[in-house]
Student: 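A single structure is presented below for examination.
Quick note on labels: first sequence line is chain A, next is B, and so on, each numbered from 1. Computed from a predicted model, the values in this text were never measured in an experiment. FYI, side chains are in, hydrogens and waters are out, and symmetry mates aren't considered; it's all heavy atoms of this structure.
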Amino acid sequence: MIYAIASGKGGTGKTTLAASLITLWDGPVTAVDLDVEEPNLHLFLNPQELSSQKAFVEVPEVDEAKCTLCRACSELCQFKAISVMGDLLLTFPEMCHGCGGCFAVCPEDALFPSKRELGEVISGKVGDIDFIMGCLRIGEAMSPPLMTQVKKILNQNTGGDVIIDAPPGVSCPAISAVIDSDCIVLVTEPTPFGFHDFKLAWEAFAPLGKPMGAVINRAGIGDDSVQLFCRKNGIPIWAEIPYDRAIAEAYSRGEVVVQTVKSLRETFARLQQRMKDAANAANQETGRAMSTEVHHA
Amino acid sequence: MHEIVIISGKGGAGKTSIAGAFAQLAENAILCDLDVDAPDLHLLLAPKNLLQTEFRSGNEAIIDLNRCDRCGLCASVCKFDAIELTQRGFQVAPIRCEGCKVCVELCPADAIDFPERHCGSWYISTTRFGTMVHAQLFPGQENSGRLVTLLKQKAREIAEHDGYELMLCDGAPGIGCPVISSMAGTDLAVVVTEPTPSGRHDLERVAKLCDQFKTKVVVIINKCDLNSDQAAQIEEFCKANGYPVICHFPHDHAVTKAMVKGQVITEYDSGPASQLLEAAWKNMLNILHAN
């Protein structure tokens, strides 16, 4: 099963939660950091035996001798990555989304593939746990293509569960991180900002039809709007982690909080069970739906 | 006019709380929330919308099943795995569609429509601290960079027309598309960090991005009393790279309490928290004008 730890608002505790869950997890698990713009999970898990692989997106380059300036490519390109200026066809690799359309429509075979570096995919080991992260090249604007490449490596990993540390927000990078998961954990804090972004995240992820539960971090600060909203909308609250200076301090020292603040162990064990139960229940339901379909057919 | 953007790399470092306080302290500024994905500044400033406009950007592919011959070419050319064969036929998953038009162009049956995408809304509003330009992207949408660019452009037009001297922007977390778009034309980046391994790591990355754009950086260390070793390391990093630290802001429950009341820190609290932010604001203006 793939579990995504997500949130609308940043800084609510996704990485803290992911690191603790991974450390305590019963059974084989792979730790994945898909917050490729600002990956942080490695700072807490300290993976060893690191190996890094550069990731690229394929962009076009022009063979001027073959190009007839017919503009088939520039008229197709939706991202202003290729255009005719005077008697030259110019490419703007940093604008390219790598859709391959220009190669497909060029009647003269005048474009050849070049590449733009997206960043790195880094793998390693935390004890016997596999660790994978993406790290976006500074200056690169597009994170989803790098996330796709991290996920490709992930697909080669068979067996065991996967825990994904997702990026904040609710736009394309966040969706891209949770879309292939079996279960989403939404981490929030009970403040007006936390609540507002929690609602956005719930609206964004609910249409994906995956089991979803909330974790309220720093419970006790702010107000109770998150709890009330969850109750009203039937969102299960899988854990409440009280505000505690000791947790914040452990985090600030780069520690996995569940190892320092032992009283949290029970909360995390319960959270793990709830995540597994929700994912399994949804899985069985899909299985049942499929067997009914087959039966009808 | 000068343009300032408040960013952090790491989310939840305190950008919006500081942006809110600065909005009150600024005398002649247009306010802008460039976190179009998960905006929060409006929760402190309670803007009254004067103008709401739909944001349309890019297009999306939609297969007309009546015209589709089920040849499957679209699914094989799509680099984004957005086209699936369902029981009803080939369908585009809107959430995965990049809007590249390749399937539309190559479909032999001409069966794929390509309507414009309605991605969100943007607003011009009044607040108790002046005019504010902000937006809300629909969940899961792309083109946040284009929306950021549009907001900055609108804010510049208003600033020019109404004689604002400063544009104060609350930015997005991360270092990707919306942050890069918010750097264009920016004179000064205020980077908010916290003394934790994540705060430091993310500060280093976002500051490097600012360097690439040749944008001047000043740093605010929020929750500075959480870990003095980490704070010292951040301090050292800033010194080595010539980023002035304009404020050491201790952890203060007043920040959350102000937020719950819908106030900015400098309204809620007249104690040391507000004094620190006032000093930071003056400090920042001096650095901005020393350029």
Student: Hey, is the main chain of A/Pro93 close enough, under 3.5 Å, to the side chain of A/Arg116 for a donor-acceptor pair?
Tutor: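 Looks like yes, one N/O pair under 3.5 Å.
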
Student: Would you mind checking which part of B/Leu137 comes under 4.5 Å of any heavy atom in chain A, side chain (CB onward), backbone (N, CA, C, O), both or neither?
Tutor: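 The side chain, not the backbone.
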
Student: Is it the backbone or the side chain of A/Phe198 that comes under 4.5 Å from a heavy atom of chain B, or both, or neither?
Tutor: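 Neither part.
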
Student: I'd like to verify something: which residue of A/Gln78, A/Glu38, A/His97 has the highest number of heavy-atom pairs under 4.5 Å with chain B?
Tutor: A/Glu38

Student: Heavy-atom distances under 4.5 Å only: say whether B/Asn59 touches chain A with side chain, backbone, both or neither.
Tutor: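 Looking at B/Asn59, just its side chain touches chain A.
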
Student: Which bit of A/Phe44 is near chain B, if near means a heavy-atom gap under 4.5 Å: side chain, backbone, both or neither?
Tutor: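 A/Phe44 touches chain B through side-chain heavy atoms alone.
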
Student: Top residue by heavy-atom pair count (under 4.5 Å) with chain B, among A/Ala104, A/Gly98, A/Gly8?
Tutor: A/Gly98

Student: Quick one: of A/Ser143, A/Gly13, A/Gly169, who has the most non-hydrogen atom pairs under 4.5 Å with chain B?
Tutor: A/Gly169

Student: For the residue pair A/Cys102 and A/Leu76, what are the closest heavy atoms and their distance?
Tutor: N-CD2, 4.2 Å

Student: Go through the atoms of B/Pro195 and report whether side chain, backbone, both or neither lie under 4.5 Å from a heavy atom of chain A.
Tutor: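 When you check distances to chain A, only backbone atoms of B/Pro195 fall under 4.5 Å.
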
Student: Tell me whether the count of non-hydrogen atoms from other residues, nucleotides or ligands lying under 6.0 Å of NZ in B/Lys208 goes above 12.
Tutor: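 Open.
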
Student: Measure from the side-chain N and O atoms of B/Asp37 to the backbone N and O of A/Val170, and report whether any donor-acceptor pair falls under 3.5 Å.
Tutor: yes

Student: Chain B heavy atoms under 4.5 Å from A/Ser171: which part of the residue, side chain, backbone, both or neither?
Tutor: both

Student: Is it the side chain or the backbone of A/Ala174 that comes within 4.5 Å of chain B heavy atoms, both, or neither?
Tutor: neither

Student: Taking A/Glu203 first and then A/Lys199, would you say they form a salt bridge - that is, a charged N and a carboxylate O separated by under 4.0 Å?
Tutor: no

Student: Using non-hydrogen atoms only, which part of A/Glu140 is less than 4.5 Å away from chain B: side chain, backbone, both, or neither?
Tutor: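 When you check distances to chain B, only backbone atoms of A/Glu140 fall under 4.5 Å.
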
Student: Flag the pair B/Phe55 / B/His118 as yes when their ring centroid distance falls below 6.0 Å, and as no otherwise.
Tutor: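 Centroid distance B/Phe55-B/His118: not below 6.0 Å, so no.
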
Student: Does any heavy atom of chain A fall under 4.5 Å from the side chain of B/Val36, the backbone, both, or neither of them?
Tutor: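 Contact with chain A involves no heavy atom of B/Val36 at all.
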
Student: Under 4.0 Å between a side-chain nitrogen and a carboxylate oxygen: does that hold for B/Asp211 and B/Arg205?
Tutor: no

Student: Could you tell me whether A/Asp180 and A/Lys151 make a salt bridge, using a distance below 4.0 angstrom between a side-chain N and a carboxylate O?
Tutor: yes

Student: Should we count NZ of A/Lys115 as having more than 12 external heavy atoms under 6.0 Å?
Tutor: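 No.
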
Student: Go through the atoms of A/Leu208 and report whether side chain, backbone, both or neither lie under 4.5 Å from a heavy atom of chain B.
Tutor: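 Only the side chain of A/Leu208 comes within 4.5 Å of chain B.
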
Student: Let me know if B/Arg200 has heavy atoms under 4.5 Å from chain A in its side chain, its backbone, both or neither.
Tutor: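 No part of B/Arg200 comes within 4.5 Å of chain A.
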
Student: Tell me, out of A/Pro192, A/Gly11, A/Ser252, A/Ala248, who's got the most heavy-atom pairs with chain B below 4.5 Å.
Tutor: A/Ser252

Student: Is it the side chain or the backbone of A/Pro39 that comes within 4.5 Å of chain B heavy atoms, both, or neither?
Tutor: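 It is both, since atoms from each part get that close.
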
Student: Please classify the contact between A/Val105 and chain B as side chain, backbone, both or neither, with a heavy-atom cut-off of under 4.5 Å.
Tutor: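 The side chain, not the backbone.
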
Student: Of the backbone (N, CA, C, O) and the side chain (C-beta and beyond), which part of A/Leu43 lies under 4.5 Å from a heavy atom of chain B, both, or neither?
Tutor: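 Looking at A/Leu43, just its side chain touches chain B.
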
Student: Does a side-chain heavy-atom distance below 4.5 Å link B/Ile221 with B/Phe249?
Tutor: no

